[in-house]
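Report on the structure given below.
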Protein chains: 2
Amino acid sequence: MQLDLEALNTQLSEQGYKLTRQRRAVVEVVTHAHTRFSAADVLAKAQRACPDLGLTTVYRTLEILEELSAIRRVHLDNGCEGFAPASAEHGHHLICSRCQETIEFEDCNLTALLRRVSEQTGFTIQQHWLELVGLCPKCQPRK
Amino acid sequence: MQLDLEALNTQLSEQGYKLTRQRRAVVEVVTHAHTRFSAADVLAKAQRACPDLGLTTVYRTLEILEELSAIRRVHLDNGCEGFAPASAEHGHHLICSRCQETIEFEDCNLTALLRRVSEQTGFTIQQHWLELVGLCPKCQPRK
DNA sequence: GTGACTGCAAATAATTTGCATTACA
DNA sequence: TGTAATGCAAATTATTTGCAGTCAC
């Protein structure tokens, strides 16, 4: 399920955000991304369509897109953060450690686990963060 | 299961690391931590015992402790990273969103989930990252 | 026309590195 | 004593903010 460029532009507009050239360029890149990305990654790609785009605007736009749940924060290898397209209401990401391909999965049936941990610790669990790393089919060694 | 101060010092020593005053102070703080912490947190606490400790050394020591699996990286709310004591070979952390109390749990029975995701996507899953956030018993509102 | 949006440059913040000095084993 | 470890200051890197000019609606 890929993010829809038009739908996202419409949503921005409906929320009162102006559809500037810069925002369109960022949204274009983000909706077509099939890997996780950093703000700098977005800048590099979006500048092809919009050369005068600045990094500040990328940060500001990513912030908006996160609010709209169009993207979600993920972790990059260096420890700091990046973003990935998010279509599901509640989803997690699976990232290829070799080619960085990133896909979203909605199946997070952690109910039993959460209940056990909750019972054992007395904690009330509010949120969970789950991210999987592996090798996508293309990057797996041939047998 | 708490980290053992002496055991960790011994381990450092056996690995060829010198037991300097600074390292002892950092290890002391880390082994007694019951919340996740940043490098700056460690500096502040460890300086009580070792006033001339520098932040650089804290970073360097945390790096070593991570290699030794005595601590594990976790995520802080601001998006960047922190550390938490790690005793289990493979564990995850449960963090109180109010008081920051952090405990480790080893139960991560994600086998079924991992298998499903793997089957659906064709990915070979190598690692998983799981972190839970909730309210510890002390911080839960009274009924 | 006007307020939201922009880029730039400067400010923050977190972390890393170079280097001369110090201290553990 | 020799080498690893240290603190400091400077360098990097990531991100945020202030502000004057610009543009979508």
Side-chain angles (χ1 to χ4, degrees), chain A residues 6 8-30 36-68 71 73-84, chain B residues 6 8-30 36-68 71 73-84:
Chain A
E6 284 316 309
L8 192 45
N9 277 332
T10 304
Q11 201 185 346
L12 277 167
S13 192
E14 281 171 354
Q15 296 289 321
Y17 294 110
K18 294 185 177 169
L19 289 182
T20 61
R21 232 169 0 101
Q22 291 87 338
R23 276 187 188 154
R24 285 179 192 274
V26 169
V27 169
E28 167 85 28
V29 168
V30 165
R36 56 181 169 180
F37 46 81
S38 65
D41 293 335
V42 175
L43 178 69
K45 286 193 181 176
Q47 277 187 331
R48 295 177 198 161
C50 183
D52 58 337
L53 176 65
L55 189 52
T56 308
T57 298
V58 173
Y59 275 110
R60 290 192 271 228
T61 306
L62 290 178
E63 200 178 328
I64 293 170
L65 295 179
E66 193 192 9
E67 269 172 27
L68 298 184
I71 59 176
R73 279 168 207 270
V74 296
H75 299 287
L76 301 181
D77 294 326
N78 59 38
C80 232
E81 65 193 27
F83 302 85
Chain B
E6 284 316 310
L8 192 45
N9 277 333
T10 304
Q11 200 185 346
L12 277 169
S13 193
E14 282 171 354
Q15 296 289 320
Y17 294 110
K18 294 185 178 171
L19 290 182
T20 61
R21 234 168 359 99
Q22 291 88 338
R23 278 187 186 154
R24 284 178 193 276
V26 169
V27 168
E28 168 85 29
V29 168
V30 165
R36 57 181 168 180
F37 46 80
S38 64
D41 294 335
V42 174
L43 179 69
K45 285 194 181 174
Q47 277 187 331
R48 294 177 199 158
C50 183
D52 58 339
L53 176 64
L55 188 53
T56 308
T57 298
V58 173
Y59 275 109
R60 289 193 272 228
T61 306
L62 291 179
E63 200 178 328
I64 293 170
L65 294 178
E66 194 193 8
E67 268 172 28
L68 299 183
I71 59 178
R73 280 169 205 269
V74 296
H75 299 286
L76 301 180
D77 293 327
N78 57 37
C80 233
E81 64 190 30
F83 300 85

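Within every chain, numbering begins at 1; the chains are lettered A, B, ... in the order of the sequence lines, protein sequences first and strands thereafter. The figures here come from the full heavy-atom set of this structure, side chains too, leaving out hydrogens, waters and symmetry mates.
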Measure the distance from [atom1] on [X] to [atom2] on [N] and round it to the nearest whole Å.
X: B/D52; N: D/dC8; atom1: CG; atom2: P; value: 8 Å
X: A/E63; N: C/dC5; atom1: CD; atom2: P; value: 12 Å
X: B/R23; N: D/dA4; atom1: CZ; atom2: P; value: 11 Å
X: A/Q15; N: C/dA4; atom1: CD; atom2: P; value: 15 Å
X: B/D41; N: C/dA14; atom1: CG; atom2: C1'; value: 13 Å
X: B/L53; N: D/dA5; atom1: CG; atom2: P; value: 15 Å
X: A/L43; N: C/dC8; atom1: CG; atom2: C1'; value: 13 Å
X: B/L55; N: D/dA9; atom1: CG; atom2: P; value: 13 Å

| request: Please confirm whether the backbone N or O of B/L53 pairs with a side-chain atom of B/Q47, one donor and one acceptor, at under 3.5 Å? | output: yes

| query | Taking the side chain from B/N9 and the backbone from B/E6, do they hold a donor-acceptor pair closer than 3.5 Å? | reply | no

Please tell me if the side chains of [X] and [Y] come closer than 4.5 Å, counting only heavy atoms from C-beta onward.
X: B/T61; Y: B/Y17; result: no
X: A/L8; Y: A/L65; result: yes
X: A/F83; Y: A/R36; result: no

| said: With rounding to the nearest 0.5 angstrom, report the CG to CG distance, B/L12 to B/L19. | reply: 6.0 Å

| field | Per-nucleotide protein contact string for nucleotides 17-25 of chain C, where B marks a base within reach and S marks sugar-phosphate only (heavy atoms under 4.0 Å, - for neither) | value | B------BS

| query | Between A/G16 and B/Y59, which has a closest nucleotide on DNA chain C that is more 5'? | reply | A/G16

